[in-house]
Amino acid sequence: MSNLVQLTKNEDIAVITIVNPPVNALSPGVPEGISAAIDQIGKDPGVKAAVLIGSGTTFVAGADIREFIKITAGQTKPSSEFVPMLRRMEDCPKPVVMAIHGTAFGGGLELAMAGHYRVAAPSAQVGQPEVKLGIIPGAAGTQRLPRLAGVAKAVEMCAEGNPIKADEALRLGIVDRLIEGDLLAGAVAFAREISGKPAPKTRERNDKLGTPEQNAGIFTAARENARKKQRGMAAPLAAINAVEAATKLPFDRGCEVEREIFVECLYSEQSKALIHVFFGEREVAKIPDVPKETATIPVKSAAVVGAGTMGGGITMVFANAGIPVLVKETDQAALDRGMATIRKNYENSVKRGRFTPQFVEERLKLITPTLTYDGFGKADMVVEAVFEGMALKKQVFSELERIAKPNAILASNTSTLSIDEIAQATSRPQAVIGTHFFSPANVMRLLEIVRGKATGKEVIATCMQLSKKLGKVGVLVGNCRGFVGNRMFGPYRREAQFLAEEGASVEAVDGALYEYGMAMGPMAVGDLAGLDVGWRIRKEFRHLEKPGVRQPIAEDKLCEMGRYGQKTGAGWYKYDENRRAIPDPEVARLVSQWAAEAGIRQRQISKEEIVDRCIYALVNEGARILEERYALRAVDIDVIYINGYGYPAYRGGPMWYADTVGLKKVYERICELHAQHGAWWEPAPLLKKLAQEGKKFADFDRDMSK
Ligand code: T1G
Ligand code: NAD
């Protein structure tokens with residue numbers, strides 16, 4: 001028996017325990033160990049039934065995803081034991097009860113469904129999240145799940161990849177009983193209860209597979225939903241095909257179809273990119289000089305200064321995590337406005353079924369609006385989110401200096417200003433850090449954590465850890481202008497504006513990037529965030545502009561006309577009462593007039609050029625940020641862009657994308673653009689170096705982590 005699987009006995013009930021921390025993944029040796037246990041149980045007359053359970057915090061969280069990287073790289077062969085083991089399990093002469101706690105995900109749920117009964121702790125979750133890795137269930141999940149949960153739920157779970165809670169799994173028939181308290185004891189008792197009964201095989205249950213007439217509408221709706229909600233992703237549609245096969249073909253034939261689809265997905269670029277993102281979102285939590293065991297400051301209470309667009313969202317984030325939070329404004333009207341927006345956002349979340357009314361009521365009780373700093377002295381963490389101006393921020397931090405408790409964390413939500421300079425307004429710069437949330441803060445997953453020169457390691461460790469509790473992906477970045485995300489976004493939006501001035505229509509620029517997979521085109525994003533935000537920043541930094549270097553002109557002129565975007569009903573687009581964007585011929589006329597006045601020749605511009613210039617602007621600036629060490633790894637940049645800027649996860653992030661294109665090709669294209677468009681396109685030295693060495697950004701990360 002492999003040491004990853006233990007077999008013990010509780011009188012006449014055998015217990016198979018999987019011991020493969022941290023998540024009992026089905027790494028090589030686990031399926032083999034389970035097979036050996038099943039054989040032994042089958043032969044042991046003293047055994048009436050068996051229980052299979054995971055050690056530690058969870059059941060089986062699926063196949064070992066690291067193995068997939070080796071398989072697609074040709075370094076190892078796919079496990080040949082997993083699928084036969086499931087058949088052996090199902091055909092075991094003694095009933096096997098699956099005892100589920102934590103998560104039964106992917107291959108974990110497939111294993112559970114090959115058992116004869118399933119019991120679960122009420123807090124358990126089950127799911128087929130494979131599509132989030134660009135693959136589909138590969139071990140009969142798309143064939144057994146519809147037989148247990150029905151076609152509609154199975155297609156939803158396999159195509160969307162979201163887990164369900166144990167109580168819903170019970171209602172659906174995936175789970176047979178919920179066990180309060182000691183799961184193993186409850187499972188053994190259940191096994192003893194059913195030991196004399198027949199062992200129902202999931203593969204033989206066809207009563208829930210429906211008829212082609214009943215299912216046709218389900219699959220049509222599922223495909224429509226996938227095309228809309230998972231735009232550009234191949235795996236959700238592939239998963240729907242596999243579940244459909246289950247309703248039309250005998251079990252074994254259905255499994256063959258699933259397998260073919262699974263293998264095709266596994267070797268796809270989308271899957272490699274999404275697996276890169278999966279591990280990337282875990283890698284970003286590792287800070288070389290701030291080890292995991294660094295002491296952290298307990299954050300049991302928080303306070304926010306400013307209840308505007310960001311302050312209100314940040315307040316909700318703390319409350320949603322169960323942390324009592326004060327929120328301060330300058331006057332009652334502003335405070336009322338801020339609280340009204342918070343309540344409105346919660347109402348919308350209830351309408352969308354994200355929260356229950358009870359949940360919202362409890363959260364609102366955790367929020368205390370105020371016009372003074374009373375109570376701020378008790379807060380473990382204070383986040384400042386006032387207007388973007390250095391003088392005001394320094395004033396607020398000098399006030400916090402006086403009232404905040406000694407080891408409180410003093411954080412700023414600034415999107416462009418220097419954390420080091422803000423920290424100078426205090427005598428405790430070690431407590432000052434940037435916590436750059438993204439709008440809307442209660443929705444966007446990204447949290448850029450900005451390290452100042454003096455920021456203490458326990459403050460960094462606390463914020464990195466807290467980001468997970470706040471439901472965010474925390475990425476540590478250095479204190480340069482615009483940090484990482486906005487610093488790269490500048491060149492991206494600059495190129496978009498240049499392209500419009502050179503003759504590409506606003507819709508063509510946005511259309512090309514939308515088709516590439518961005519959640520929204522750069523022009524529409526500008527209108528959403530407010531064109532005036534960038535305009536104020538450009539005016540504040542005009543003195544830094546290099547003479548003779550071309551600057552975008554159109555957006556400033558739109559702002560001079562008061563066209564700030566959605567907030568003024570017009571920007572690059574016009575907006576109707578439902579904030580729907582309408583192309584505005586007046587903008588096209590004005591831009592070509594301004595271009596002519598500036599001597600910019602307008603021409604036909606291809607989609608390829610639009611994508612190249614916008615995406616490679618990200619990559620080139622990303623390479624600069626890496627070599628200047630304002631980002632720890634290229635993957636950190638990928639995680640920032642996917643979680644904060646609507647970059648398509650199935651392309652892996654801008655740096656991963658550049659690696660898939662090949663840095664030599666990217667570098668050569670940037671050299672071309674440099675020759676055509678001048679200084680802005682000076683290739684980043686790191687990009688040049690890696691391209692000439694035939695290397696990837698991924699190699700840079702590996703070398704840096706040594
Ligand atoms: N394989 C390999 N490593 C894994 C892993 C997996 N399936 N799941 C987690 N890890 C590592 C992770 O990288 C991290 O490592 C550590 O475990 C803790 O994870 C055949 C084809 C279970 C909800 O997609 O969703 O089955 O960073 O930080 O927040 O049809 O992990 O410490 O070095 O995320 O408590 C389907 C993936 C696979 C589930 C726990 N399964 N995992 O969350 O911890 S495909 C999944 C998760 C499949 C079959 C198909 C989460 C979790 P390190 P963590 P967590
Ligand atoms: P906002 O104008 O919507 O809100 C700022 C609020 O601060 C206003 O309600 C104002 O009354 C309040 N305020 C000003 N001085 C105050 C004081 N002394 N005490 C208490 N409240 C005070 O601005 P916003 O968009 O929420 O931006 C806030 C900060 O977040 C800025 O630094 C901005 O750069 C940053 N940020 C904004 C976004 C975004 O998309 N809007 C995204 C990330 C970061």
Side-chain angles (χ1 to χ4, degrees), residues 20-27 31 57-69 78-79 82-83 86 102-111 125 127-133 135-142 158 161 163 258-259 262 265-266 271 274-275 278-286 292 304-314 327-331 333-335 337-338 341 370-373 383-390 392-393 395-396 399 412-417 422 434-441 444 448 468 485-486 528-530 533 536-537 644:
N20 186 22
V23 294
N24 291 322
L26 295 157
S27 313
T57 60
T58 185
F59 187 73
V60 173
D64 186 332
I65 304 168
R66 288 197 189 285
E67 287 298 305
F68 293 149
I69 300 173
S79 153
F82 184 40
V83 173
L86 296 179
T103 56
F105 283 177
L109 181 54
E110 291 171 311
L111 171 63
Q125 294 188 78
Q128 303 281 182
E130 285 88 344
V131 287
K132 298 186 178 188
L133 300 169
I135 53 179
I136 71 166
T142 63
C158 292
E258 177 199 78
R259 191 78 199 162
F262 169 78
C265 288
L266 183 63
S271 176
L274 287 162
I275 289 175
F278 175 84
F279 286 116
E281 290 194 351
R282 282 136 187 97
E283 192 66 20
V284 293
K286 298 166 187 160
K292 224 176 7 201
V304 177
V305 188
T309 312
M310 296 308 288
I314 295 167
V327 57
K328 174 186 179 295
E329 259 293 349
T330 50
D331 59 60
L335 193 57
R337 226 181 7 258
T341 307
T370 174
L371 292 175
T372 70
Y373 279 121
V383 180
E384 161 278 312
V386 301
F387 302 128
E388 186 77 339
M390 186 54 85
L392 175 60
K393 297 217 186 261
Q395 176 209 319
V396 170
E399 290 160 0
S412 171
N413 188 55
T414 176
S415 36
T416 58
L417 300 174
I422 291 173
T435 50
H436 184 208
F437 289 82
F438 285 71
S439 179
M444 296 300 282
E448 255 187 343
K468 203 166 181 179
N486 284 348
L528 175 71
V533 179
R536 280 181 231 291
I537 294 168

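All values below were derived from every heavy atom in this structure, side-chain atoms included, with hydrogens, water molecules and symmetry-related copies excluded. Whatever order the structure lists them in is the order used to number ligands and atoms, beginning at 1.
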Neighbouring residues of ligand 2, heavy-atom cut-off under 4.0 Å |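 These residues qualify: V305, G306, G308, T309, M310, K328, E329, T330, A385, V386, F387, E388, L392, K393, V396, N413, T414, S415, H436, F437, S439.
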Quick one: nearest non-hydrogen protein atom to [atom], plus distance?
atom	value
atom 3 (N) of ligand 1	F279 CE2, 4.1 Å
atom 19 (O) of ligand 1	R282 NE, 4.2 Å
atom 35 (O) of ligand 1	K468 NZ, 4.8 Å
atom 5 (C) of ligand 1	V23 CG2, 3.7 Å

Looking only at atom types and distance, does a side-chain atom of [X] sit under 3.5 Å from a main-chain N or O of [Y], one as donor and one as acceptor?
X	Y	value
E384	V386	yes
N24	T58	yes
D64	A25	no
N413	F437	yes
E130	I135	no
E110	A139	yes
E388	S415	yes
S412	T414	yes
E329	A307	yes
S439	A441	no

As an exercise, identify every atom of ligand 1 less than 4.0 angstrom from a heavy atom of [X].
X	result
A61	7 (N), 22 (C), 36 (C), 39 (C), 41 (N), 46 (C)
T103	22 (C)
G107	26 (O), 48 (C), 49 (C)
F262	21 (C)
G62	26 (O)
F68	21 (C), 45 (S)
P129	24 (O), 41 (N), 46 (C)
P137	30 (O)

Can you figure out which of N24, D64, T57, L133 has its heavy atom closest to atom 2 (C) of ligand 1?
->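 Selected option, by shortest heavy-atom distance: D64.
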Nearest-option assignment for atom 32 (O) of ligand 1, heavy atoms, candidates K286, E130, R66, E67 =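 The nearest heavy atom belongs to K286.
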Could you tell me whether the side chain of [Y] reaches within less than 4.5 Å of the side chain of [X], counting heavy atoms only?
X	Y	value
I65	F279	yes
I422	M390	yes
H436	N486	yes
V23	F105	no

Non-hydrogen atoms of G141 versus ligand 1: any pair closer than 4.0 Å?
->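 Not so, G141 does not reach ligand 1.
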Heavy-atom contact under 4.0 Å between E283 and ligand 1?
->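 Heavy atoms of E283 never come under 4.0 Å of ligand 1.
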Hey, is [atom] under 4.0 Å from any protein heavy atom?
atom	value
atom 17 (O) of ligand 1	yes
atom 52 (C) of ligand 1	no
atom 28 (O) of ligand 1	yes
atom 11 (C) of ligand 1	no
atom 43 (O) of ligand 1	no

Interatomic distance, L335 atom CG to T370 atom OG1 [nearest 0.5 angstrom] =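 So the gap between those two atoms works out to 7.5 Å.
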Interatomic distance, L109 atom CG to F59 atom CZ [nearest 0.5 angstrom] =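 These two atoms lie 8.5 Å from each other.
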Looking at [X] and [Y], what are the two nearest heavy atoms and their distance?
X	Y	answer
Q128	G141	OE1-CA, 3.8 Å
M444	G644	CE-O, 3.5 Å
P22	T57	O-OG1, 4.1 Å

Measure E110 to ligand 1 on non-hydrogen atoms and call it side chain, backbone, both or neither using the 4.0 Å cut-off.
->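 E110 to ligand 1: side-chain contact only, backbone stays beyond 4.0 Å.
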Given that the side chain starts at C-beta and the backbone is N, CA, C, O, which of these parts of A63 lies under 4.0 Å from ligand 1, counting heavy atoms, or is it both or neither?
->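 Both backbone and side chain.
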With nothing but distance in play, are any N or O atoms of [X] less than 3.5 Å from an N or O of ligand 1?
X	answer
I65	yes
G138	yes
F105	no
I135	no

